[in-house]
Amino acid sequence: MNTLRRLIYREVAVSVGFVTLAFLALFFFFDLVDELRWVGRSGPGGYQLSQALLYVILSLPQHLYELLPITVLIGTIFVMARLAQSSEFTIMRTSGLGPGRALGTLLMLGGAFVVLTFAVGDYIAPASERAAQLVGARHLGQLSTGATGAWLKERQGSHSRAINVRALGTDGRMRGIRVFEFDEQGRVAATLSAELGDFDDSGEAWNLQQVRSSLFEHGRDDQLRVQRTTEAQLRWSTRITPSMVGASLLKPDKMATIELFQYVRHLQANGQSAQRYEIEFWRKVFYPLSCLVMVVLSLPFAYLHFRSGGIAGYVFGGVMAGISFFLLNNLFGFAGNLQHWSPWLTAAAPGLIYSALSLAAFGWLVLRR
């Protein structure tokens with residue numbers, strides 16, 4: 001039995017590896033063509049072909065993370081269908097590879113792909129994506145989002161703060177910082193603006209430069225006094241960390257799971273809507289498990305009878321089923337965000353639906369055969 005397992009593992013691993021390399025090469029070509037339009041636009045010492053190649057290479061781990069479940073599906077379907085077409089799987093069944101053992105074998109293999117997908121998506125891809133963004137920002141300009149940059153909220157005792165960071169510079173420093181502080185009655189208590197800022201090593205303050213601040217004092221009879229000051233440098237106390245600023249500037253699907261969790265906690269603690277980030281957090285949790293769904297989806301193909309040359313149609317049908325899974329996953333994500341569905345159920349529902357359908361098809365084929 002161990003010999004049969006090693007044979008299946010080797011065939012699936014080789015097949016998935018070839019499919020993954022083919023897809024990565026395709027995405028590398030498309031991304032490089034897209035980046036070539038920026039080459040030479042920043043002058044002779046600006047964005048060159050070498051920087052474009054580096055940017056595209058650093059973007060590959062994110063593509064690998066996104067592609068792994070679909071390449072696992074294509075590779076496993078191809079192996080299972082080929083074994084069925086050549087009657088090798090029939091020989092394996094007569095040698096003791098029953099339905100339960102076949103399912104367990106593929107689930108163990110799927111578990112290895114789950115670990116690989118999690119490692120790539122949570123450790124390799126976020127780091128490489130940040131490096132790619134810095135490469136692009138260093139030669140094309142600062143990293144920003146929207147017209148006004150990133151907005152964050154923080155509570156300090158009875159006061160609340162609305163903090164705006166327009167962009168992150170190529171050196172990793174914050175640019176265009178604005179702070180609006182409100183008292184317990186919702187009135188403006190203070191404002192602050194700074195041209196530049198970086199994060200203090202203690203993690204509990206920002207070091208601001210070229211600071212202009214205004215302090216509003218509300219007296220009796222609605223009298224208002226404004227005290228304005230200008231400072232070259234200021235150590236401003238805050239609990240907002242670099243990862244929180246980065247989270248507000250980067251797309252949530254390109255963040256690590258722990259960073260998403262911390263950012264969700266920060267939003268909830270400050271009374272902000274975290275629905276979008278909660279759904280993305282649970283999608284990051286469940287996405288590697290989709291590899292298990294893919295291997296279960298491919299198992300029924302081993303119990304089909306193929307005519308000569310008919311394998312391509314079945315493989316194509318399986319690929320379409322896998323693509324529909326990812327479309328349903330995205331659909332549930334958008335619908336859950338709009339309808340305020342439970343975040344974990346929104347992320348888990350597509351996998352549960354397709355797992356149930358795959359196991360039902362597998363059971364029906366086993367009983368029929």
Side-chain angles (χ1 to χ4, degrees), residues 1-23 67-118 286-326 328-329 348-369:
M1 193 55 60
N2 290 332
T3 303
L4 296 180
R5 287 197 183 98
R6 284 195 296 269
L7 172 64
I8 294 174
Y9 291 164
R10 183 176 67 251
E11 293 292 328
V12 172
V14 171
S15 180
V16 170
F18 275 119
V19 174
T20 303
L21 287 176
F23 271 104
L67 287 170
L68 263 174
I70 193 68
T71 58
V72 167
L73 174 67
I74 296 174
T76 311
I77 284 180
F78 177 77
V79 170
M80 293 295 104
R82 185 172 58 80
L83 291 176
Q85 186 185 40
S86 63
S87 300
E88 290 181 72
F89 196 78
T90 302
I91 298 173
M92 292 180 182
R93 292 171 62 188
T94 58
S95 301
L97 187 66
R101 287 183 176 179
L103 179 61
T105 298
L106 285 187
L107 286 177
M108 289 178 63
L109 183 61
F113 286 120
V114 167
V115 174
L116 176 62
T117 305
F118 177 79
F286 287 111
Y287 187 77
L289 298 177
S290 60
C291 290
L292 292 177
V293 180
M294 296 299 105
V295 295
V296 173
L297 189 62
S298 67
L299 185 56
F301 288 83
Y303 290 85
L304 296 174
H305 290 322
F306 295 94
R307 295 178 180 178
S308 178
I311 187 174
Y314 286 100
V315 173
F316 179 77
V319 172
M320 290 298 101
I323 293 176
S324 68
F325 167 78
F326 290 99
L328 184 66
N329 200 17
L352 294 174
I353 292 171
Y354 271 71
S355 295
L357 292 176
S358 302
L359 290 173
F362 172 64
W364 179 73
L365 285 171
V366 169
L367 292 175
R368 195 184 69 157
R369 301 297 181 185

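Everything numeric here is computed off the predicted structure, so don't read it as measured data.
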Write down the atom of [X], the atom of [Y], and the distance for their closest heavy-atom approach.
X    : Y    : result
V293 : S355 : CG2-OG, 3.3 Å
V16  : T71  : CG2-O, 3.8 Å
S358 : L297 : OG-CD1, 3.0 Å
G110 : C291 : O-CB, 4.1 Å
F23  : I74  : CE1-CD1, 3.8 Å
N329 : Y287 : ND2-CD1, 4.4 Å

Can you find a heavy atom in the side chain of [X] that is under 4.5 Å from one in the side chain of [Y]?
X    : Y   : result
F325 : I70 : no
M80  : I8  : yes
V14  : V79 : no

### Query
Does a donor on one side chain and an acceptor on the other come within less than 3.5 Å for Y354 and S324?
yes
From [X] [atom1] over to [Y] [atom2], what is the distance, rounded to the nearest 0.5 angstrom?
X    : Y    : atom1 : atom2 : value
R5   : L109 : CZ    : CG    : 12.0 Å
L328 : I323 : CG    : CD1   : 13.5 Å
L67  : T117 : CG    : OG1   : 10.5 Å
L68  : F118 : CG    : CZ    : 14.0 Å
F89  : L4   : CZ    : CG    : 9.5 Å
L106 : M294 : CG    : CE    : 13.0 Å

### Message
Would you say CZ of F78 has more than 12 non-hydrogen atoms from neighbouring residues, nucleotides or ligands within 6.0 angstrom?
### Response
no
#### Entry: Heavy atoms from other residues, nucleotides or ligands near CZ of F326 exceed 12 (cutoff 6.0 Å)
yes
Test item: [X] side-chain N/O and [Y] main-chain N/O as donor-acceptor pair under 3.5 Å:
X    : Y    : answer
S15  : E11  : no
R101 : G96  : yes
S298 : V295 : yes

